[in-house]
Amino acid sequence: MRPFEDMHLLSGWFERTFRGATVNDIHSALNATKVDRVVQPKNVEEAASLVRRLAREGRSLSVAGGRHSMGGQQFSTADILLDSRRLNRVHSLNPETGLLSVEAGTQWPELLAHLKSMPSNTKPGWTFRQKQTGGDRMSLAGSLSSNIHSRGLTFRPFVDDIESLTLVGPEGEPSRIDRSNPLFNYAVGGYGLFGIVTQVELRLVKRHKLRRNVEIRPSEGILGAFDEKIASGYEYGDFQFAIDPASEDYLRKGVFSTYEPVAEETPIPAAQKGIPSRAFHHLVRLAHEDPTQGFELYARFYRATNDQIYWSDEHQMAPYLDGYHKKLDRVLGAACKGSEMISELYVPRKDLEAFLAVARTELRRLKAKVIYGTIRLIEAENETVLAWATQPWACIIFNLHLDHSPEGLVLARDQFRMLIDAAQSFGGSYYLTYHGWASKEQVLTSYPRLPEFLAEKKRRDPADLFTSNWYRRIHRLVE
């Protein structure tokens with residue numbers, strides 16, 4: 001059924017709604033959810049008015065931005081869904097300190113365009129330090145609520161870049177929350193459960209140019225290679241490993257891409273190489289059908305981009321082709337619908353190679369189909385209640401194919417639980433925001449403060465005005 005679009009007067013302002021809509025996440029497509037309606041407030045006052053009305057009526061809402069989260073954090077069955085994407089204005093930039101006040105529904109391409117066009121942001125100007133890789137159309141509120149990270153070599157998670165946020169809580173009044181307020185540490189990495197984040201005060205850095213360095217090398221000794229790059233002043237980088245389980249190179253060989261600062265006057269040629277959408281589809285198909293050829297083609301592309309020059313913000317942009325798997329299913333003649341699911345595992349850096357050896361064996365045993373995988377670094381943060389970067393980790397990301405059949409979902413569950421077990425066996429952890437297949441023991445081992453988080457959520461929002469399917473599931477699991 002097509003959503004019914006309606007315009008009606010509510011509390012003195014116009015609310016655009018889509019009644020009876022079915023929504024889903026963009027990447028895994030495993031969270032099809034029938035909501036009561038989708039509401040798109042165009043300013044903070046409209047969002048706050050909606051909260052006050054729902055509080056009076058005893059109803060609940062969830063908040064979505066780019067809809068990339070795969071664990072159901074942004075949807076709630078039969079409740080109101082607040083779509084934040086119209087909250088996308090920049091309010092101010094302090095040209096001396098680089099503090100930017102921006103509405104939290106703003107997505108990364110919009111933010112980049114705003115910063116490049118602001119008269120007060122004189123060249124080279126201020127820009128963001130980090131964003132997620134793998135997709136651009138994700139909101140600042142979603143990034144904050146998941147406490148994301150980038151491929152920065154010495155960065156802490158996104159909480160490090162946030163000066164303050166404006167939150168519309170259960171009372172329906174916007175409040176500025178900074179680090180002196182204990183609520184800050186619940187809202188950042190809090191998955192939208194403490195209110196609607198309507199505005200973010202973001203700490204920017206000076207925009208600068210980088211040179212990409214590309215090597216094809218083994219995973220053995222990769223942490224030493226990272227250390228050498230950091231000592232030489234490189235700022236970003238990752239290692240993207242081979243994905244064919246039938247090959248000796250499986251998780252052993254990869255593309256090591258790193259980025260070093262260069263002088264501002266270094267020219268950026270107009271005809272630099274990039275991956276067009278047609279090539280993206282071809283690479284994804286090869287990852288499913290012939291992963292060795294796919295990796296070799298991907299490595300050949302990256303080698304061709306060695307020494308290319310990028311702006312520090314633009315090199316982090318990575319367009320995502322929505323719905324690519326529908327086309328792929330048709331091309332491959334798939335027997336059932338398929339998609340990919342991501343998990344991110346963390347291990348102490350000294351244990352990275354031992355973890356990869358376990359993962360290599362167990363992924364083969366469970367017949368996992370790795371479509372993409374990479375290794376990054378993260379520094380520790382101890383501010384957020386649900387902190388995931390509790391020590392300087394090596395981050396290992398696996399993007400696995402799964403079939404949307406009962407057997408396929410059970411197999412995927414077993415594969416992801418195995419990866420979590422493997423990481424935790426080395427004293428490691430995993431990222432909470434992706435799939436919902438972790439066991440209770442796995443969840444509480446990696447997030448021991450989760451009961452405290454849920455208790456504070458209940459204390460501040462006893463009626464569960466702010467909710468989600470993920471919240472209900474994790475509450476049942478823990479309580």
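Count residues from 1 along the sequence. None of these values were measured; they are calculated from a predicted model.
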Within the 3.5 Å criterion, strictly below it, is a donor on [X] or [Y] matched to an acceptor on the partner's side chain?
| X | Y | answer |
| --- | --- | --- |
| S28 | D25 | yes |
| S429 | Q424 | no |
| Y298 | Q240 | yes |
| S143 | W108 | yes |
| T33 | N31 | no |
| Y310 | R212 | yes |
| H288 | E340 | yes |

Starting from the C-alpha separation in whole Å, work towards a yes-or-no answer on side-chain contact (heavy atoms from CB on, under 4.5 Å) for L204 and L202. CA-CA 6 Å; L204 302 182; L202 198 60; 3.9 Å; yes
Quick check: closest heavy atoms across [X] and [Y], and the distance to 0.1 Å?
| X | Y | result |
| --- | --- | --- |
| S343 | H435 | OG-NE2, 3.5 Å |
| P109 | D136 | CD-O, 3.3 Å |
| Y236 | S312 | OH-O, 4.3 Å |
| S468 | S76 | CA-CB, 3.9 Å |
| N88 | H114 | O-NE2, 3.3 Å |
| F184 | I177 | N-CG2, 3.5 Å |

Residues D79, R472; criterion salt bridge (charged side-chain N to carboxylate O under 4.0 Å, His left out); working and verdict: CA-CA 13 Å; D79 288 318; R472 294 190 184 102; 2.7 Å; yes
Is [X] reaching over with its side chain to a backbone N or O of [Y], donor-acceptor style, under 3.5 angstrom?
| X | Y | answer |
| --- | --- | --- |
| S425 | A422 | yes |
| Q442 | R417 | yes |
| D461 | F194 | no |
| S84 | A64 | yes |
| E381 | E383 | yes |
| N147 | V159 | yes |
| Q73 | S145 | no |
| R203 | D160 | yes |
| N24 | A29 | yes |
| R449 | L386 | no |

Please report whether the ring centroid of [Y] lies less than 6.0 Å from that of [X].
| X | Y | result |
| --- | --- | --- |
| F453 | Y447 | no |
| F241 | F398 | yes |
| H401 | H325 | yes |

Which label fits [X] and [Y]: parallel for a plane angle under 30°, tilted from 30 to 60°, or perpendicular past 60°?
| X | Y | result |
| --- | --- | --- |
| F416 | W437 | parallel |
| Y434 | Y431 | perpendicular |
| W388 | Y346 | parallel |

May I ask you to establish whether R376 and F239 are in a cation-pi arrangement, using a distance under 6.0 Å from NZ or CZ to the six-membered ring centre and at most 45° from the ring axis? no
Row check, Y186 ring normal vs K457 NZ/CZ: under 6.0 Å, within 45°: no
Apply side-chain contact (heavy atoms from CB on, under 4.5 Å) to the pair V168 and V197, showing each step before the final yes or no. CA-CA 7 Å; V168 177; V197 179; over 6 Å; no
Do R89 and N43 come within less than 4.5 Å of each other through their side chains, counting heavy atoms only? yes
Out of curiosity, [X] [atom1] to [Y] [atom2], how far, rounded to the nearest 0.5 Å?
| X | Y | atom1 | atom2 | value |
| --- | --- | --- | --- | --- |
| E96 | W126 | CD | CH2 | 8.5 Å |
| R413 | S439 | CZ | OG | 10.5 Å |
| T198 | E46 | OG1 | CD | 12.5 Å |
| E260 | Y234 | CD | OH | 3.5 Å |
| S164 | R176 | OG | CZ | 3.5 Å |
| R360 | E353 | CZ | CD | 9.0 Å |

Is there a side-chain hydrogen bond (donor to acceptor under 3.5 Å, both in side chains) between N469 and T77? Walk through the geometry before answering. CA-CA 7 Å; N469 290 342; T77 302; 3.3 Å; yes
Checking ring pair (Phe, Tyr, Trp, His ring centres under 6.0 Å) for the pair F466/Y471: CA distance, chi angles, key distance, verdict? CA-CA 9 Å; F466 303 103; Y471 168 62; over 10 Å; no
Please report the C-alpha distance between H404 and L30 in whole Å, then the side-chain angles of each, then the deciding distance to 0.1 Å, and finally whether the side-chain contact (heavy atoms from CB on, under 4.5 Å) criterion is met. CA-CA 8 Å; H404 291 205; L30 286 174; 3.4 Å; yes
Might you work through the side-chain hydrogen bond (donor to acceptor under 3.5 Å, both in side chains) test for H27 and Y320, ending with a clear yes or no? CA-CA 9 Å; H27 189 79; Y320 184 87; 2.6 Å; yes
Looking at residues at least two apart in the chain, or sitting in another chain, which of them share a ring-ring contact (aromatic ring centres under 6.0 Å, His included) with Y372?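 None.
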With side-chain hydrogen bond (donor to acceptor under 3.5 Å, both in side chains) as the test, would you mind laying out the steps for Q199 and S101 before giving the verdict? CA-CA 7 Å; Q199 199 162 308; S101 180; 2.7 Å; yes
side-chain hydrogen bond (donor to acceptor under 3.5 Å, both in side chains) evaluation trace for H208 with E235: CA-CA 11 Å; H208 55 287; E235 295 181 355; 2.7 Å; yes
Only residue of H149, Q391, R156 satisfying side-chain contact (heavy atoms from CB on, under 4.5 Å) with E379 is R156
Taking NZ, NE, NH1 and NH2 as the nitrogens, is one of them in [X] or [Y] under 4.0 Å from a carboxylate oxygen of the other?
| X | Y | value |
| --- | --- | --- |
| D464 | K458 | yes |
| E314 | R207 | yes |
| D313 | K116 | no |
| K337 | D403 | no |

Let me see the working for L377 and I230 under side-chain contact (heavy atoms from CB on, under 4.5 Å), right down to the final yes or no. CA-CA 11 Å; L377 303 180; I230 292 170; 4.0 Å; yes
